[in-house]
Colleague: 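Input: one structure, supplied below.
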Protein chains: 2
Amino acid sequence: MVKKNDSLERCFCDVIHEDVVRKVKSKMPKEETLYDLAELFKVFGDSTRIKILWALEEAEMCVCDIAALLNMTQSAISHQLRVLKQAKLVKNRKEGKVVYYSLDDEHVRAIFQQGLAHINE
Amino acid sequence: MVKKNDSLERCFCDVIHEDVVRKVKSKMPKEETLYDLAELFKVFGDSTRIKILWALEEAEMCVCDIAALLNMTQSAISHQLRVLKQAKLVKNRKEGKVVYYSLDDEHVRAIFQQGLAHINE
DNA sequence: GCAACATATGAACAGTTGCTCACATATTCA
DNA sequence: TGAATATGTGAGCAACTGTTCATATGTTGC
């Protein structure tokens, strides 16, 4: 295949569609924004975390409650809650030994709804 | 730690919060639904696929156009388009040698918007 | 202080993912 | 038919992910 730039192989479509590609390129958000968006959806891309978020939408719960609800170990839940907290999707408050987690974002429900709308097509 | 059922360790919170856990459990969607939801978001959880979807929101494009736009190999893009198509997020039409891809879902924009809303907090 | 409890965390391990590379398939045109 | 073009795909691989296990941290009540 013909080399048309210094790094990657190209096809002739690029030349034909050059204006379209340039237009789309100019409208793309910043690389960093798209990366952050992917990182956010990556957090949603695990069924354990989805379950935790869905549960916390119903009620504030402590770590072992969630573990019992999902029939998983406390350790596994704790690890996932850490991921969710880093993504600023959940927050927690401490009451003695017990740490209660709750949702920290009003978009979670909307994101779930849109996702479900796609699945139920 | 005390064994309180046949499979997993439990804490005493479960007993105290038993009613809350049961209430939440009764309100949870089907296991399968939550799994499918996670699978969908997993598709959104990669910056290459996010970029492709964002690009296709602007214009229908062929494989090599997308490859040129994102400065990636045709093969890498083709692999990812396959994933997006299996998730029913994109569709394609063939015109001679060239295969044009476009969005196949009206929820993509809404999902992106909600994701961005969370990021820009 | 110490025993019991609730949670957090690091290491390890198996399973998954996204890219590259080589090659297959499909279409056009001379 | 055969060369050129555009796309699809399987194998291989380095990197990442989610769980388990052992253990650490922090809190309560005696």
Side-chain angles (χ1 to χ4, degrees), chain A residues 1-4 7-17 21 35 38-39 41-52 60-68 70-87 90-101, chain B residues 1-4 7-17 21 35 38-39 41-52 60-68 70-87 90-101:
Chain A
M1 197 166 284
V2 191
K3 285 270 179 185
K4 285 191 287 177
S7 62
L8 285 170
E9 56 187 48
R10 289 282 180 85
C11 66
F12 291 119
C13 293
D14 298 353
V15 183
I16 302 164
H17 303 144
V21 173
Y35 180 81
E39 287 301 301
F41 288 126
K42 208 170 282 182
V43 176
F44 284 93
D46 175 79
S47 58
T48 300
R49 289 192 292 266
I50 288 277
K51 286 175 194 169
I52 293 175
E60 175 189 69
M61 296 175 87
C62 73
V63 180
C64 71
D65 286 341
I66 302 173
L70 304 186
N71 209 45
M72 292 179 66
T73 65
Q74 169 269 319
S75 178
I77 300 300
S78 189
H79 277 297
Q80 296 296 18
L81 283 169
R82 187 157 163 269
V83 174
L84 290 169
K85 198 181 178 191
Q86 281 174 339
V90 305
K91 60 178 186 289
N92 56 12
R93 69 182 178 85
K94 202 164 184 178
E95 196 171 288
K97 289 176 291 192
V98 184
V99 180
Y100 290 95
Y101 282 83
Chain B
M1 198 164 284
V2 190
K3 284 272 179 184
K4 286 191 287 175
S7 63
L8 282 171
E9 56 185 49
R10 289 282 181 85
C11 66
F12 291 119
C13 291
D14 299 354
V15 183
I16 302 164
H17 304 143
V21 173
Y35 180 81
E39 286 302 301
F41 288 127
K42 210 171 280 182
V43 176
F44 284 92
D46 175 78
S47 59
T48 300
R49 290 192 291 266
I50 287 276
K51 285 175 194 169
I52 293 174
E60 175 189 69
M61 296 175 87
C62 73
V63 180
C64 72
D65 285 342
I66 301 173
L70 303 186
N71 210 45
M72 293 179 65
T73 64
Q74 171 269 317
S75 179
I77 299 300
S78 189
H79 278 296
Q80 296 295 18
L81 284 169
R82 188 157 162 270
V83 174
L84 290 169
K85 199 181 176 192
Q86 280 174 340
V90 305
K91 60 178 187 288
N92 56 12
R93 70 182 177 84
K94 202 163 184 179
E95 196 171 289
K97 289 176 291 193
V98 183
V99 180
Y100 290 96
Y101 281 83

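We name chains A, B, ... by the order of the sequence lines, and we start the count at 1 in each one. Keep in mind that this is a model prediction, so the values were computed, not measured.
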Colleague: Take atom CZ of A:Arg93 and atom P of C:dT7, then tell me their distance rounded to the nearest Å.
Modeller: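 Value for this atom pair: 12 Å.
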Colleague: When you measure from the side-chain N and O atoms of A:Tyr101 to the phosphate of C:dA6, is any distance below 4.0 Å, counting only OP1 and OP2?
Modeller: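 False: A:Tyr101 side-chain N/O out of range (4.0 Å or more) of C:dA6 OP1/OP2.
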Colleague: For D:dT9, is there a stacking contact with B:His79, counting only centres under 5.5 Å and planes under 30°?
Modeller: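 The base of D:dT9 is stacked with B:His79 (centres under 5.5 Å, planes under 30°).
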Colleague: Rounding to a whole Å, what distance do you find between A:Asp65:CG and C:dC5:P?
Modeller: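 Computing the A:Asp65:CG to C:dC5:P distance gives 16 Å.
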Colleague: Check whether any side-chain heavy atom of A:Cys62 sits under 4.5 Å from a side-chain heavy atom of A:Val99, and report yes or no.
Modeller: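 The answer is no, as the side chains (C-beta and beyond) never meet within the 4.5 Å cut-off.
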Colleague: Answer yes or no: is the gap between the SG atoms of A:Cys11 and B:Cys64 smaller than 2.5 Å?
Modeller: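 Yes, the SG atoms sit under 2.5 Å apart.
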Colleague: Under 4.5 Å between any side-chain heavy atoms of A:His17 and B:Tyr100, yes or no?
Modeller: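 Of all side-chain heavy-atom pairs linking B:Tyr100 with A:His17, at least one is under 4.5 Å.
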Colleague: Between B:Phe41 and A:Phe44, how do the two ring planes meet: parallel, tilted or perpendicular, split at 30° and 60°?
Modeller: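 Ring orientation, 0 to 90° scale: tilted.
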Colleague: Side chain of A:Gln74, base of C:dA8: donor and acceptor closer than 3.5 Å?
Modeller: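 Answer yes: a donor N or O sits under 3.5 Å from an acceptor.
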Colleague: In whole Å, what is the span from the CG atom of B:Leu70 to the P atom of C:dC19?
Modeller: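 Spelled out: CG on B:Leu70 to P on C:dC19 is 10 Å.
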Colleague: Nearest of C:dT20, D:dA6, C:dT17 to any side-chain atom of B:Lys42?
Modeller: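 Between C:dT20, D:dA6, C:dT17, the one nearest the side chain of B:Lys42 would be C:dT17.
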Colleague: Please report the distance, rounded to the nearest Å, between CG in A:Asp46 and P in C:dG15.
Modeller: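 Rounded to whole Å, this separation is 17 Å.
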Colleague: Nearest-nucleotide wise, let me know which of A:Gln80 and A:Lys94 is further upstream toward the 5' end of DNA chain D.
Modeller: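 The 5'-side residue here is A:Gln80.
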Colleague: Return the nearest nucleotide to the side chain of A:Arg49; candidates are D:dG18, C:dA6, D:dT19.
Modeller: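 Side chain of A:Arg49 sits closest to D:dG18.
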Colleague: Can you find a pair of side-chain heavy atoms, one from B:Ile52 and one from B:Thr48, that are under 4.5 Å apart?
Modeller: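 Yes. Closest side-chain heavy atoms under 4.5 Å.
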Colleague: Rounded off to whole Å, could you give me the CZ-to-C1' distance for the B:Arg82 and C:dC19 pair?
Modeller: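 Distance check: B:Arg82 CZ to C:dC19 C1' gives 14 Å.
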Colleague: Do any side-chain nitrogens or oxygens of A:Thr48 fall under 4.0 Å of OP1 or OP2 in D:dT19?
Modeller: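 For D:dT19, OP1/OP2 do have a side-chain N/O of A:Thr48 under 4.0 Å.
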Colleague: Given D:dT20, is OP1 or OP2 found less than 4.0 Å from the side-chain N or O atoms of A:Ser75?
Modeller: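 No, outside the criterion.
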Colleague: Assuming nearest nucleotide by heavy-atom distance, tell me which of B:Lys97 and A:Gly96 is located more 5' along DNA chain D.
Modeller: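 Upstream on the strand: B:Lys97.
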Colleague: Between B:Ser78 and D:dT7, does any side-chain N or O lie under 4.0 Å from OP1 or OP2?
Modeller: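 Answer is no, no contact under 4.0 Å.
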Colleague: Just how far, in rounded Å, is P of C:dC19 from CD1 of B:Ile66?
Modeller: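 Taking atom P of C:dC19 as the reference, CD1 of B:Ile66 is at 13 Å.
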Colleague: Find the distance A:Phe12:CZ to D:dA6:P and express it as a whole number of Å.
Modeller: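 My rounded result for the distance is 6 Å.
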Colleague: Could you tell me how far apart A:Glu95 (CD) and C:dC5 (P) are, to the nearest whole angstrom?
Modeller: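 Rounded to whole Å, this separation is 19 Å.
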